[in-house]
Amino acid sequence: MFKKILIANRGEIALRVLRACQELGIKTVAIHSEADESAMHVRMADESICVGPASAQSSYLNIPAIITAATLTNVDGIHPGYGFLSENQRFAEIIEEHNIKFIGPHSKHIKIMGNKIDAKKIMDDNGVPTVPGLNEVSNKSEIEKFIKNVELPIIVKAASGGGGKGMRVVLNHEDIENAINSAKTEAKKSFNDDKVYLEKFLTTPKHIEIQILADGYGNVITLGERDCSIQRKHQKLIEESPSEILTNEKRKEISDLCKKAVSSLGYEGVGTLEFLYENNKFYFMEMNTRLQVEHPVTEMVTGIDLVKQQILAAAGEKLSISQNNITLKGHSIECRINAEHSETFIPSPGKITQYHQPGGLGVRVDSAVYQGYIVPPHYDSMIGKLITYADNRSECIKRMKRALEEYVIMGINTNIQMHQKIIMTEEFQSGKYDINFMSTFN
Ligand code: ADP
């Protein structure tokens with residue numbers, strides 16, 4: 001088992017990992033930027049070390065500084081959290097070269113799945129249904145053929161994409177070239193890789209993803225699905241498990257396919273296979289080789305601590321849970337609480353002058369903020385996650401409504417009111433919403 005883990009992240013996910021380490025009896029090292037000197041993850045860790053100035057590029061993405069911190073503090077594992085370096089193949093490789101365990105999959109699996117074209121090919125080879133696509137976009141007649149086949153609309157996507165960047169929906173023929181070029185430019189800027197590909201654009205799908213957990217002995221289990229269709233600009237806002245529209249049969253069918261594909265790769269750790277789901281059919285989009293922001297809803301309905309399991313698997317332990325132990329019980333919803341203006345969505349950093357977080361049965365808040373905390377302007381605007389759990393969906397929504405009403409965050413703007421409105425809509429209440437929900441919501 002690990003003795004000391006360095007957490008290469010900040011905010012709520014750093015705390016989440018820290019808490020799992022504490023329960024496992026593992027010491028922790030927090031890294032932080034100059035702007036995060038008094039952050040909660042720094043206060044709660046056993047040791048902390050500054051890795052650079054405020055900008056993420058100079059601190060949380062600063063590989064040499066983080067490796068130096070890991071060596072100085074003599075850790076035997078590094079947990080990347082999500083975002084930042086969590087899906088950076090080179091980071092995982094360098095850690096491996098330093099004889100420190102990267103708490104995540106092998107770097108080769110990060111590389112394979114980091115390229116969405118390759119990932120789709122692997123899934124395709126394993127019988128997992130994928131979104132119909134075209135990988136080569138330089139040949140006009142191939143593009144014409146593809147469009148004739150799948151019909152407009154199509155979507156241009158970045159092969160190395162993430163965070164909803166480098167995507168362009170194409171509705172008309174004459175816009176194709178522009179869309180490809182502008183997606184390429186954005187992809188180059190964001191991911192230093194201008195490779196783009198085309199996909200059929202599904203018009204009314206849900207985003208449904210399957211959580212998997214694997215050890216180093218070939219054991220793979222699936223932990224049900226999350227419905228993440230409430231999104232703005234392809235970024236998730238609300239997630240829930242289970243999805244209201246999935247039958248047990250469909251769930252098992254897709255879970256078995258995911259299990260088979262992941263087993264064939266020899267993948268280790270936690271991972272998520274993301275699908276679009278339309279007309280009772282699944283279409284694979286991509287696999288995330290890390291812990292997801294929305295992992296808590298799965299933890300609530302399965303009763304399994306995913307972060308602990310992830311750490312145990314990385315430590316070389318055999319999975320102690322078998323597929324038969326997994327039953328989805330009750331219902332869980334997560335609202336992402338962002339420091340942003342509720343109408344313009346412009347980030348709203350600043351000092352939290354008053355703070356009260358909700359509690360009570362079935363209410364979980366994963367956050368690293370507190371009264372007096374200054375939300376820095378340098379990072380993502382998500383300041384916490386409010387998660388509720390109840391015996392069934394309707395009780396879970398009522399609990400979320402109550403918890404959102406109780407949540408007090410003053411001094412900055414948040415999207416709490418927006419969440420209150422969303423969960424009370426007829427569409428959300430029915431569970432039948434799709435990824436277009438936010439485009440008509442006001
Ligand atoms: P990223 O890795 O940038 O988050 P994804 O491939 O996971 O990108 O897609 C993010 C979201 O974009 C999806 O959840 C969905 O809402 C939308 N999207 C992506 N591909 C398609 C598609 N082929 N048809 C319709 N919507 C899509």
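Ligands are counted one by one from 1 in listed order, and the atoms in each one are counted from 1 as well. Atom set for the values below is all heavy atoms of this structure, side chains included, hydrogens, waters and symmetry mates excluded.
Using a 4.0 Å cut-off to heavy atoms of Ile435, the atoms of ligand 1 that qualify are 15 (C), 16 (O), 26 (N). Per-residue contacts place Ile155 under 4.0 angstrom from the following atoms of ligand 1 (heavy atoms of the residue considered): 22 (C), 23 (N). Atoms of ligand 1 found under 4.0 Å from any heavy atom of His207, numbered from 1 in the order shown, are 13 (C), 14 (O). The ligand atoms of ligand 1 that sit less than 4.0 angstrom from a heavy atom of Gly163 are 1 (P), 3 (O), 4 (O). The ligand atoms of ligand 1 that sit less than 4.0 angstrom from a heavy atom of Glu274 are 7 (O). Distances below 4.0 Å separate heavy atoms of Val131 from the following atoms of ligand 1: 23 (N). Within the listing of ligand 1, atoms 1 (P), 2 (O), 3 (O), 5 (P), 6 (O), 8 (O) sit less than 4.0 angstrom from a heavy atom of Lys116.
Taking all heavy atoms of Met167, Glu278, Met287 into account, the minimum distance to atom 10 (C) of ligand 1 is reached by Met167.
Lys157 NZ, 3.3 Å is the protein heavy atom nearest to atom 19 (C) of ligand 1. Scanning the protein heavy atoms around atom 18 (N) of ligand 1, the nearest turns out to be Met285 SD, 4.1 Å. Among all non-hydrogen protein atoms, the one lying nearest atom 3 (O) of ligand 1 is Gly164 N, 2.6 Å. Looking only at heavy atoms of the protein, atom 24 (N) of ligand 1 is closest to Leu202 N, 3.0 Å. In terms of protein heavy-atom proximity, atom 12 (O) of ligand 1 is closest to His234 ND1, 3.0 Å. Summary of contacts: the protein heavy atom closest to atom 2 (O) of ligand 1 is Glu286 OE2, 2.6 Å. For atom 16 (O) of ligand 1, the closest heavy atom belonging to the protein is Gln231 OE1, 2.7 Å.
A salt bridge between Glu405 and Arg402 is absent, with no side-chain N of the basic residue lying under 4.0 Å from a carboxylate O of the acidic one. Taking a cutoff of 4.0 Å between a charged side-chain nitrogen and a carboxylate oxygen, Glu239 and Arg336 qualify as a salt bridge. The pair Glu299-Arg364 counts as a salt bridge, with a side-chain nitrogen and a carboxylate oxygen less than 4.0 angstrom apart. Between Lys120 and Asp124 there is no salt bridge, since no side-chain N of the basic residue sits under 4.0 Å from a carboxylate O of the acidic one.
Judged by the 6.0 Å distance and 45° axis criteria, Arg290 is not positioned over the aromatic ring of Phe102.
Residue-level proximity to ligand 1 for Thr203 is absent, since no heavy atom of it falls below 4.0 angstrom.
More than 12 non-hydrogen atoms from other residues, nucleotides or ligands lie less than 6.0 angstrom from CD of Glu174. Applying the 6.0 Å contact sphere to CD of Glu97 captures more than 12 heavy atoms from other residues, nucleotides or ligands. In the displayed structure, Lys250 atom NZ is contacted under 6.0 Å by more than 12 heavy atoms of other residues, nucleotides or ligands.
A distance below 6.0 Å separates the ring centres of Tyr379 and Tyr60.
Considering backbone and side-chain atoms alike, Leu276 places every N or O at 3.5 Å or more from each N or O of ligand 1.
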Could you give the side-chain donor-acceptor pairs of residues 206-214 under 3.5 Å, partners two or more places apart or in another chain?
unit_1 : atom_1 : unit_2 : atom_2 : d
Lys206 : NZ     : Asp227 : OD2    : 2.5
Lys206 : NZ     : Gly431 : O      : 2.9
Lys206 : NZ     : Tyr433 : O      : 2.9
His207 : ND1    : Gln231 : NE2    : 3.4
His207 : NE2    : Glu209 : OE1    : 3.1
Glu209 : OE1    : Lys236 : NZ     : 3.0
Glu209 : OE1    : Gln292 : NE2    : 3.4
Glu209 : OE2    : Arg226 : NE     : 2.7
Glu209 : OE2    : Arg226 : NH2    : 3.2
Glu209 : OE2    : Gln292 : NE2    : 3.4
Gln211 : OE1    : Arg226 : NH1    : 2.9
Gln211 : OE1    : Arg226 : NH2    : 2.9
Gln211 : NE2    : Gly271 : O      : 3.3

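Phe275 and Phe282 have perpendicular rings, their planes meeting at more than 60° on a 0 to 90° scale where under 30° would count as parallel.
The closest approach between a heavy atom of Gln235 and any atom of ligand 1 is not below 4.0 Å.
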